[in-house]
Amino acid sequence: MTGRPAGTGVPAPGRTHRARTARHLALLLGGAVFVLWAVATLTFFAIRLIPGDPAQAILGGPGSQASQEALDQVRSDYGLDQPLVVQYFAMLGRLLTGDLGTSYSLKVPVAELLGAQIGGTLLLAVCSLAAAWVLALALSLWSTGRGRIASALGQGIELVAAALPHFWLAAVLIAVFSTGLGWFPPVATGTPAGFVLPVTTLAIPLAGFLAQVMRESLIDAMRQPFVVSARARGESALGIRFRHTIRHAALPGISLSGWALGWLLSGAVVVETIFAMPGLGRTLLQAVTLRDIPVVTGVVLLVALVYVVMTVLTDLVARIADPRLAQEGAR
């Protein structure tokens, strides 16, 4: 007989697994809601520490020479004359209904503005993440199991790559591959060639960090009993790497991919500005400069939402790739 024994009161294994999975998903959902609330709260209070009057931003900035009556009317219309706590809870109420407000400077709905900008930024981040993965795996596979010189050289490359600041790397890439060699344009042109330097700028530092984590996992996997068994069966070194150990090397990278995408989205602020690319990064920078509070809040919340979704997806992918994670979480 299968299932739950009659009269024992012990739940069936399938039901227990579903309950544990539901509990884990509930914890992830609760954590996601907390992160979004914390981001909205921190953004609300941080943006108000920036010098300047939001009412002037709504009327066109300090150079608009708006009258005091106009400023008072705008403060009343937007609730800026209310106590800060009242403004905070009003903002939370709007967010709960999905209302991100209207841009102070552009006079368009924030949701519409972000919808027009997010595609380019996500494409940049995803392509950079894929390129970083390829570089990190290639460096990890090359530098392990090939002697001390290769290992030391691999570690040096990883450390240098991870420490490179985006603005410096972008300037070097433009000087070498655009000004010097003329291979790629110095700014985004909407073509694949114009995408190469921005993607490379974001991918190289991330690849250095991912390679450090993957190489340690790969070295640990090479010491496991299943590798010894594969060698005893006559498996080649290349076959062992690609059939057995590469999955273990990739697991830390999978777990970090959610964080990595969020890190890439934040790095897009610098890269999009340097390469004159349209996207969330330039939009955020302009909004902070103009004290456009609804746009700043919308961009930061959108980035946080992407990070949360990617974290949940990478957690699920990691559990599929390594069922031991699900078993450990169930204990």
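No experiment lies behind these values; they were computed from the predicted model shown. For the numbers below, each heavy atom of this structure counts, side chains included, while hydrogens, waters and symmetry mates do not.
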Quick one: list whatever passes ring-ring contact (aromatic ring centres under 6.0 Å, His included) with Y88, sequence neighbours left out.
F44, F45

Test of understanding: clusters of I, L, V, M, F, W, Y form through side-chain heavy atoms closer than 4.5 Å, transitively. Do F195 and L181 belong to the same one?
yes

Stepwise, does the side chain to side chain contact (heavy atoms under 4.5 Å, CB included) test hold for I157 with L153?
CA-CA 6 Å; I157 294 174; L153 185 58; 4.2 Å; yes

Distance-only donor-acceptor pairs under 3.5 Å for side chains of residues 196-209, two or more places apart:
residue : atom : partner : partner atom : Å
T200    : OG1  : V196    : O            : 2.8
T201    : OG1  : L197    : O            : 2.7

In one Ile/Leu/Val/Met/Phe/Trp/Tyr side-chain cluster, 4.5 Å: W37, V86:
no

Spacing of T179 atom OG1 and F184 atom CZ [to the nearest 0.5 Å]:
13.5 Å

For the hydrophobic clusters of this structure (ILVMFWY residues joined by side-chain heavy atoms under 4.5 Å, transitively), does one cluster hold both L301 and L92?
yes

Which residues satisfy the ring-ring contact (aromatic ring centres under 6.0 Å, His included) test with F177, sequence neighbours excluded?
W183

In chain order, what residues pass the side-chain contact (heavy atoms from CB on, under 4.5 Å) check against V270, with sequence neighbours excluded?
H166, F167, I274

W168 reachable from L173 in the ILVMFWY side-chain graph, under 4.5 Å edges
yes

So, using side-chain contact (heavy atoms from CB on, under 4.5 Å) as the criterion, who are the partners of V35 when residues are at least two apart?
V39, V308

Can you tell me how far apart CG (L159) and CG (L164) are? Round to the nearest 0.5 Å.
11.0 Å

Donor-acceptor pairs under 3.5 angstrom involving side-chain atoms of residues 110-126: please list them, not counting sequence neighbours.
residue : atom : partner : partner atom : Å
Q117    : OE1  : G279    : N            : 3.0
T121    : OG1  : E272    : OE2          : 2.7
T121    : OG1  : L280    : N            : 2.7

Distance (rounded to the nearest 0.5 Å) between L210 CG and L129 CG
7.5 Å

Would you name the heavy atoms of R282 and M277 that are closest together and state the gap between them?
CD-O, 2.6 Å

Can you check whether A175's main-chain N or O pairs, donor with acceptor, with S178's side chain at less than 3.5 Å?
no

Could you tell me the separation between the CG atom of L36 and the CG atom of L305, rounded to the nearest 0.5 Å?
6.0 Å

Applying side-chain contact (heavy atoms from CB on, under 4.5 Å), name anything that partners L42, two or more places apart in sequence or on another chain.
none

